[in-house]
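Letters go in sequence order (proteins before strands), and every chain restarts at 1. All values derive from a computational prediction rather than experimental measurement.
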Amino acid sequence: MIKMRILLIHSDYINYKTKSKTKIAEDIEDKQKSMHFENSLVVFTAVEKQDEEDPQAVVENAVKEIKDVFSKVKADNIVIYPYAHLSSSLSSPDIAKKILKEMKEVLAADGLKVERVPFGWYKSFELSCKGHPLSELSRNIVVEKAHEEKGEEEPSRFYILSEDELYDPGEFTYQSSDLEKLVAYELGELESTGEEPPHVKLMREKDLADYEPSADIGHLRWYPKGRLIRDLLADYVYNLVTDRGAMPVETPIMYDLGDEAIRVHAEKFGERQYRMGTKSKNLMLRYACCFGAFRLLSDTFLTWKNLPLAIYELSTYSFRLEKRGEVVGLKRLRGFTMPDMHTICTDVGQSMEEFDSQITMCAQTGEDLEINYEAIMRVTADFLEENREWVMNSAQKVGKPVLLEILPRRKHYWICKMDFAAIDYLGRPIENPTIQIDVESGERFGIKYIGPDEEEETPIIIHCSPTGSIERVIGALLENSAIQMEVQSPMFPVWLSPSQVRVLPIAERHLDFAFSLAEELRNEQIRADVDDRQETVGKKIRNAAGDWVPYVIVVGDKELESDELMVNVRETQNKVLMDKKTLIERIKEETNGMPFRKLPLPVKLSQRVQF
RNA sequence: GCCUCAGUGGCUCAGCCGGUAGAGCGAUGCCUUGGUAAGGCAUAGGUCGGGGGUUCGAAUCCCCCCUGAGGCUCCA
């Protein structure tokens with residue numbers, strides 16, 4: 001709730017004289033230094049911290065109150081008098097000035113005589129209150145929330161874009177059932193089954209992550225295996241973007257809403273922000289890295305020769321105050337981790353070239369993560385008209401048909417974006433990678449570069465998350481395994497498997513051999529552990545299967561004697577005889593180019609705890 | 001946020017027209033030294049999500065809250 005305090009006095013007269021300036025004084029003309037008004041409605045006003053959330057609405061409501069009283073008391077004019085002492089929690093001076101000025105303008109536009117007493121000066125004043133029943137009133141200007149402009153919006157048009165041709169989504173022959181499902185969802189035609197998405201159960205069953213009831217909803221705790229996968233994915237994106245020249249940075253997670261650019265950008269997300277106050281500041285938690293990236297870039301000296309230039313940050317965490325009922329598993333969280341790359345381009349043309357190469361990068365992540373992505377390209381009608389050929393060509397970079405959404409007019413900061421979605425077990429999309437051409441933020445955040453003609457120019461910015469949020473990637477991987485489960489043994493890609501090889505000694509006399517084998521594998525950067533518990537082989541095999549271990553080796557007397565190992569290969573469900581070297585080479589090949597981290601758990605299963 | 005359903009040992013669940021809790025897995029101990037999806041026996045472990053109410057008595061009935069799931073809405 002927002003409230004500004006005003007005190008209304010119907011006066012016989014008021015006069016004031018400026019004495020000395022404060023640090024926040026506004027510049028004034030000579031005639032404003034001392035003024036006198038008769039039969040005035042004096043409006044003492046204190047703009048408060050919380051008013052920063054929605055200055056527009058505060059102005060509207062204040063004007064309404066003032067006009068109401070003004071018409072009742074029959075004063076000749078209105079005097080807006082800044083009076084900080086009405087509040088113990090003032091807004092920033094800039095916003096206060098802005099609100100006071102706008103109040104005056106709006107009242108004046110209604111043909112009323114209004115004056116505004118200078119802001120930020122020490123003043124003497126003399127006031128004569130009329131003393132009639134309505135002559136002294138105070139009001140709290142209450143704004144429940146920023147009202148959204150409804151207005152019937154013209155709907156988007158949808159097409160399937162395939163091989164340079166546009167098709168009606170209803171008439172297109174789909175090769176991919178995933179694309180068909182995505183289209184059904186986007187067009188609002190997907191009927192739901194009422195089932196629970198399997199990844200929620202899996203993330204807990206596999207000891208990856210769980211809800212933390214003592215946090216807010218939608219915030220998870222991560223166990224070692226889950227933490228490992230998060231870290232590997234983070235390493236993966238880091239390598240991906242730095243390889244193409246992006247520079248990693250890190251920026252704060254909270255921002256001051258007293259900053260005009262921050263406030264306007266934040267308002268785009270309306271109610272879905274975490275807010276926090278300190279004594280002197282009204283802060284928001286970031287919902288993406290944009291804030292820090294833009295502020296950083298606006299303080300950076302850039303020339304056209306530097307562009308395109310990309311900075312990258314993994315936002316641990318981004319915060320979005322999603323509605324209760326929308327928060328679910330790894331799909332929709334209130335605190336999540338998102339790789340976020342911002343590319344500064346000289347102009348729309350350069351941004352289109354970058355966009356193309358980022359399409360390739362995003363498509364690559366689908367292959368590396370073994371997730372099937374379907375793509376939606378969204379463009380404004382204006383952009384499409386001007387760049388029709390480019391749009392057609394770019395869409396083809398995805399390598400398969402894409403859904404094209406044409407927005408009749410620009411609603412958001414972007415003019416063109418591409419979203420990649422995985423389709424979950426229940427046929428619903430998990431939106432992951434995204435690329436957006438932003439035409440607003442450069443200007444709003446005062447980001448500049450020096451052009452070839454030595455003039456300052458405003459750049460175009462591309463937002464890109466090459467994988468989408470890390471949590472959603474893991475969610476998509478788990479949904480994938482649930483789909484796999486119907487036809488084969490589910491598993492993670494080998495490079496993401498917490499245990500890549502498990503060694504199962506048959507009896508105690510095989511323990512030393514098992515430990516040294518596992519150690520040799522670990523020296524080769526393979527996560528290998530040993531099930532040294534006093535259990536039967538059958539039980540250990542069963543447990544290893546439950547842990548989705550890609551390679552399981554049983555060692556007994558035979559293995560002590562020979563170099564051959566009997567390896568249970570999960571992917572094919574076969575037992576394969578091979579030697580150590582072959583196994584190592586095979587795993588190296590499967591994990592080639594992907595990041596590695598060490599086993600985050602005790603090597604001995606007997607020492608592990610249950611989460 | 002709204003509607004519907006759910007919350008019982010670490011996990012999965014039974015008990016629920018009222019008489020203060022039960023199984024399997026897991027854990028611990030002992031026996032078994034076992035060659036590919038659960039070896040045997042024993043033991044420990046629960047203020048039945050939290051609070052309030054009805055009652056001689058509440059896991060069980062009623063109210064409020066918290067958490068989770070599904071649906072609606074929403075994801076810039």
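Comparing B:rG51 with B:rA58, their C1' atoms are spaced 15 Å from each other, to the whole Å. Using P as the reference atom, B:rC48 and B:rC11 are 15 Å apart when rounded to the nearest Å. B:rC5 and B:rC61: their P atoms are spaced 13 Å apart (whole Å). With both ends at atom C1', the span from B:rC65 to B:rG7 equals 14 Å, rounded to whole Å. Between B:rU12 and B:rG46, the two C1' atoms lie 16 Å apart (nearest whole Å). For the C1' atoms, the distance linking B:rU8 with B:rU20 amounts to 14 Å, nearest Å. Here the separation of B:rA37 from B:rU47, taken at their C1' atoms, is 40 Å to the nearest Å. The same atom, P, is picked in B:rG57 and in B:rG1; the two are 36 Å apart, to the nearest Å.
B:rU60 is unpaired under the criterion used here, namely a Watson-Crick or G-U wobble arrangement in which both key atom distances are under 3.5 Å. In this structure, B:rC2 forms a base pair with B:rG71, meeting either the Watson-Crick or the G-U wobble geometry with both donor-acceptor distances under 3.5 Å. B:rG24 is paired with B:rC11 under the Watson-Crick or G-U wobble criterion, all donor-acceptor distances under 3.5 Å. In this entry B:rG29 has B:rC41 as its Watson-Crick or G-U wobble partner, both defining distances falling under 3.5 Å. If you check B:rU36 for Watson-Crick or wobble pairing at under 3.5 angstrom, you find it has no partner at all.
Two residues, A:D557 and A:A215, neighbour RNA chain B, and the one matched to the more 5' nucleotide by heavy-atom proximity is A:D557. Mapped onto RNA chain B by nearest heavy atom, A:F336 and A:G218 fall at different nucleotides, with A:G218 at the one closer to the 5' end.
Under the 4.0 Å criterion applied to side-chain N and carboxylate O atoms, A:E535 and A:K540 are not assigned as salt-bridge partners. Comment: A:E564 does not engage A:K580 in a salt bridge, judged by the lack of any side-chain N to carboxylate O separation of less than 4.0 angstrom.
Using a 4.0 Å heavy-atom criterion, one finds that A:R472 contacts the bases of the nucleic acid, with or without backbone contacts as well. Looking at heavy-atom distances under 4.0 Å, A:I217 makes contact with sugar-phosphate atoms alone, never a base. Residue-level contact check: A:Q436 touches neither bases nor backbone, having no heavy atom under 4.0 Å from any strand. Here A:V609 lies out of heavy-atom contact (under 4.0 Å) with every strand. Within the nucleic acid shown, A:G325 comes within 4.0 Å of at least one base atom, counting heavy atoms only. Across all strands shown, A:P429 has no heavy atoms under 4.0 Å from either base or sugar-phosphate atoms. Contact annotation for A:V328: backbone-only contact, meaning every heavy-atom pair under 4.0 Å involves sugar-phosphate atoms and none involves a base. A:Q534 comes within 4.0 angstrom of a base, heavy atoms only. Looking at heavy-atom distances under 4.0 Å, A:G329 makes contact with sugar-phosphate atoms alone, never a base.
The A:E326 side chain lies nearest to B:rC74 when the options are B:rC74, B:rU36, B:rU33. Among the nucleotides B:rA76, B:rU32, B:rA27, the one closest to any side-chain atom of A:H412 is B:rA76. For A:W414, the side-chain atoms get nearest to B:rA76 when compared with the rest of B:rG35, B:rA76, B:rG68. Among the nucleotides B:rA37, B:rA69, B:rG34, the one closest to the side chain of A:R509 is B:rG34. With distances taken from any side-chain atom of A:V537 to the nucleotides B:rU33, B:rA37, B:rU36, the minimum falls on B:rU36. For A:R533, taking side-chain heavy atoms from C-beta onward, the closest of the listed nucleotides B:rU32, B:rA27, B:rG1 is B:rA27. Taking every side-chain heavy atom of A:K539 into account, B:rG26 is the closest of B:rG34, B:rU67, B:rG26. Distances from the side chain of A:E196 to the nucleotides B:rG1, B:rA37, B:rG70 place B:rG70 closest. Closest approach to the A:I506 side chain among B:rU73, B:rG35, B:rU36 is made by B:rG35 (side chain taken as heavy atoms from C-beta onward). Closest to the A:V554 side chain, of the nucleotides B:rC75, B:rA37, B:rG35, is B:rG35.
At least one side-chain nitrogen or oxygen of A:R428 sits closer than 4.0 Å to the OP1 or OP2 atom of B:rG71. The side chain of A:Y211 contributes an N or O atom lying less than 4.0 Å from OP1 or OP2 of B:rA69. Dashed line: the shortest gap from a side-chain N or O of A:R324 to OP1 or OP2 of B:rC66 is not under 4.0 Å.
At a cut-off of 3.5 Å, with distance as the only test, no side-chain donor of A:E571 or A:S489 sits close to an acceptor on the other residue. Counted by atom type alone, A:Q358 and A:T343 present one or more donor-acceptor pairs between their side chains at under 3.5 Å. Between the side chains of A:S156 and A:E405, at least one donor N or O sits under 3.5 Å from an acceptor N or O.
Side-chain N/O atoms of A:Y185 and base N/O atoms of B:rC75 include a donor-acceptor pair closer than 3.5 Å. Residue-to-nucleotide contacts include a donor-acceptor pair under 3.5 Å from the side chain of A:R332 to the base of B:rC74. Put simply, the side chain of A:E508 and the base of B:rG34 share no donor and acceptor less than 3.5 Å apart.
At whole-Å resolution of the value, CZ in A:R502 and P in B:rA37 are 16 Å apart. In this structure, the CZ atom of A:R204 is 22 Å from the P atom of B:rC25, given to the nearest Å. A straight line from CG of A:L321 to P of B:rC74 spans 17 Å, rounded to a whole angstrom. The interatomic distance linking A:D547 (CG) with B:rC11 (C1') rounds to 15 Å, in whole Å. Protein atom CZ of A:R221 is 13 Å distant from nucleotide atom C1' of B:rU67, rounded to whole Å. Here B:rG35 presents its C1' atom at 17 Å from CD of A:E564, a figure rounded to the nearest Å. Taking atom NZ of residue A:K540 and atom C1' of nucleotide B:rG34, one finds them 9 Å apart after rounding to whole Å. Taking atom NZ of residue A:K411 and atom C1' of nucleotide B:rC75, one finds them 12 Å apart after rounding to whole Å.
Classified by interplanar angle (parallel below 30°, tilted 30° to 60°, perpendicular above 60°), the ring pair A:Y223/A:F611 is parallel. Aromatic ring orientation, A:H265 versus A:Y287: parallel (interplanar angle below 30°, classes split at 30° and 60°).
Within a 6.0 Å sphere centred on CG of A:D563, heavy atoms belonging to other residues, nucleotides or ligands number 12 at most.
A cation-pi contact, defined as under 6.0 Å to the ring centre and within 45° of the axis, links A:R230 to A:W222. Cation-pi geometry between A:K417 and A:F355 is not satisfied (NZ or CZ under 6.0 Å from the ring centre, within 45° of the ring normal).
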